Amino acid sequence: MLQLPKPTQPNPPLASLDEAYELCRQITEKYSKTFYLGTLLMPPEKRQAIWAIYVWCRRTDELVDGPQAKLTTPETLDNWEKHLESVFAGHPLDDADVALVDTLKRFPMDIQPFRDMIAGQRMDLYRSRYETFEELQLYCYRVAGTVGLMSSAVLGIDERYRTAPWEKNQPLYIPQQEAIALGIANQLTNILRDVGEDAGRGRIYLPLEDLDLFNYSQEDLFNGVIDERWRELMRFQIQRARKYYTEAERGIRALNADSRWPVWAALMLYQGILDVIEMNDYDVFNQRAFVPTAKKMLYLPIAWLRAQTL
Ligand SMILES: CC(C)=CCC/C(C)=C/CC/C(C)=C/CC/C(C)=C/COP(=O)(O)OP(=O)(O)O
C-alpha cells in the first residue's frame, strides 16, 4: 500500500523583531536591575542591542547555573556553540535569536568573545575551586570580560576624543583592555557578594592561594567564620576589584559620547556593591549586599557629570 509521508509539524513562526526585543528587554529587567538601569540611559538602538547580548549571555550562564543545570553536559555546550554559529550565519533558531541576529547586522562583532564565554561555562562545569588568581582571572575574562568586548561594538568609539594637538594623528584608540577590565571588575564584585551563596553550592571562587595567605581555611569559609583573618582577606579582594574599576574608568572617555553616561552609571552602581560589603562589615554569609534604589538614583547625576568631564 502506498505510504503517504507523515505530515511534518511546521515550525511555529518565530517572533517579530519588536516582540523579540521586547522579550529581551523583559529578561534583562527581570534578572539584572543594575544593568537594565544603565541601558535605559542609552539611545534606543544601542539599548536594544545590549538587551539582546545580555539575554544570550544569560542563556549561556543558565546552562551551568540555572534550574536545568544538572542536565548540562559538555555536549550541551557543544550544541550551544553550534546554535551560536547559526545565529552568526544569520539564521535565528528561536525568538530571542531574532533580536541577536538583528543586533549583529547593525553592530557587526567578532564571534570569539561569544565562544570564549562558552569556554568559561565549560570551566564552571568542571571546576569548583581556583588555586591562583591567574586562573580566576581567566575565568572572569571568559564569563564577564567577554561581555565588555561584545558591548564595545555597540557602545562605539569616539574618534575625536583626543584633543591635544600632539595626539591628533595617533591611530584610533580602542579601549579593549579597559572594557575587559570592567567585566572582570563586575565579576570579582559578584564573586565577593555571592561567597555565601556559592559556598552553599560547594563552590569557592576566591583563589585558594589567597585563603592560605590569610590563614583562612576552606572549612572556615563553609562555616561562614567572620573574624579578622576573613576581614583582611576581603579587604585584599576588594582592593583588587577596585583596581580593575580604575583601569576601566580610563577607557570610558574613548567611547562614543552617548555611551559614556550609561557606562559610568553601570560602573558606579556595581562598584557600589563593594562599599555595601564594607558597610556590612564583610558579612557576605548572612546578608546579600545590594545598593538601595535611592542610592542608585544618587549615582546617576554623578555618573552624568563624570561622563561630561572625565
Ligand atoms: C569601560 C569600557 C571601555 C567599556 C565598557 C564595556 C562594558 C559595558 C563592560 C561591562 C561588562 C559586563 C556588564 C559584564 C557582566 C558581568 C557580570 C558579573 C554580570 C552580573 O550579572 P547578573 O548576575 O545577571 O546581575 P546581578 O548582579 O544584577 O544579579
Side-chain angles (χ1 to χ4, degrees), residues 24 26-39 41-42 46-47 49-62 64-66 107 109 113-114 116-117 120-121 124 136-137 139-158 161 172-195 197-198 205 241 244-274 276-277 284 288-291 293 296 303 306-307 310:
C24 294
Q26 286 172 9
I27 296 174
T28 311
E29 183 184 24
K30 178 165 173 197
Y31 289 102
S32 185
K33 298 274 176 276
T34 306
F35 294 118
Y36 183 68
L37 183 58
T39 63
L41 310 176
M42 292 177 180
K46 291 189 176 183
R47 176 190 303 169
I50 297 288
W51 294 337
I53 293 172
Y54 179 85
V55 167
W56 184 85
C57 296
R58 181 92 220 162
R59 296 177 77 190
T60 308
D61 183 63
E62 290 263 310
V64 178
D65 250 358
F107 303 98
M109 51 188 103
F114 291 81
D116 288 347
M117 179 175 277
Q121 301 307 329
D124 244 349
L136 180 67
Q137 192 191 25
Y139 170 74
C140 291
Y141 159 68
R142 287 181 170 165
V143 300
T146 50
V147 187
L149 292 179
M150 298 167 193
S151 315
S152 292
V154 175
L155 301 172
I157 306 298
D158 182 356
Y161 94 92
L172 179 65
Y173 180 68
I174 301 176
Q176 271 202 335
Q177 220 32 58
E178 293 86 343
I180 293 174
L182 185 50
I184 294 180
N186 289 338
Q187 187 62 30
L188 291 174
T189 304
N190 229 345
I191 287 173
L192 298 180
R193 182 192 64 191
D194 297 342
V195 166
E197 197 183 311
D198 290 329
Y205 287 97
Y244 282 92
Y245 283 111
T246 306
E247 185 182 352
E249 286 175 4
R250 289 197 281 267
I252 302 181
R253 70 191 197 113
L255 296 175
N256 263 350
D258 62 8
S259 296
R260 288 180 212 145
W261 184 27
V263 173
W264 265 113
L267 182 149
M268 292 180 66
L269 292 168
Y270 226 73
Q271 188 173 23
I273 297 174
L274 296 177
V276 177
I277 294 175
V284 283
R288 185 181 166 96
F290 73 98
V291 179
T293 310
K296 279 186 181 166
R306 290 188 175 176
L310 294 181

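Computed from a prediction, not measured in an experiment: that's the story for all the values here. All ligand and atom numbering here is 1-based and tracks the order in the structure.
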So which heavy atom in the protein is nearest [atom], and how far is it from that ligand atom?
atom: atom 24 (O) of ligand 1; value: Tyr54 OH, 2.6 Å
atom: atom 28 (O) of ligand 1; value: Ser32 OG, 3.1 Å
atom: atom 11 (C) of ligand 1; value: Gly148 N, 3.6 Å
atom: atom 18 (C) of ligand 1; value: Asn190 ND2, 3.0 Å
atom: atom 2 (C) of ligand 1; value: Ala179 CA, 3.8 Å
atom: atom 1 (C) of ligand 1; value: Ala248 O, 3.7 Å
atom: atom 19 (C) of ligand 1; value: Phe35 CE1, 3.5 Å

Test: Arg288 and Asp194 ion pair at under 4.0 Å: yes
Lys33 and Glu29 ion-paired at < 4.0 Å: no
Over all atoms of both residues, closest heavy-atom pair of [X] and [Y]:
X: Leu255; Y: Pro175; value: CD2-CG, 4.3 Å
X: Pro113; Y: Tyr141; value: CA-OH, 4.4 Å
X: Glu247; Y: Glu178; value: O-CG, 3.3 Å
X: Asp258; Y: Lys46; value: OD1-NZ, 2.7 Å

Any nitrogen or oxygen of [X], side chain or backbone, less than 3.5 Å from one on ligand 1?
X: Tyr270; answer: yes
X: Glu178; answer: no
X: Gln187; answer: no

Gap separating the CH2 atom of Trp56 from the CE atom of Met117, nearest 0.5 angstrom: 6.0 Å
Mode of Arg193 contact toward ligand 1 - side chain, backbone, both, neither (heavy atoms, under 4.0 Å): side chain
Residue part near ligand 1, for Thr189, under 4.0 Å between non-hydrogen atoms: neither
Proximal ligand 1 atoms for Ala144, defined as those under 4.0 Å from one of its heavy atoms: 14 (C), 16 (C)
Whether Phe35 and Tyr54 hold their rings parallel, tilted or perpendicular, with breakpoints at 30° and 60°: tilted
Shortest heavy-atom approach to atom 3 (C) of ligand 1 - which of Gly145, Pro175, Ser152: Pro175
Distance-only side-chain donor-acceptor flag, Tyr31 / Glu62, under 3.5 Å: no
Polar contact flag, side-chain donor to acceptor under 3.5 angstrom, Asp198-Tyr205: no
Close approach, Arg58 and ligand 1, non-hydrogen under 4.0 angstrom: yes
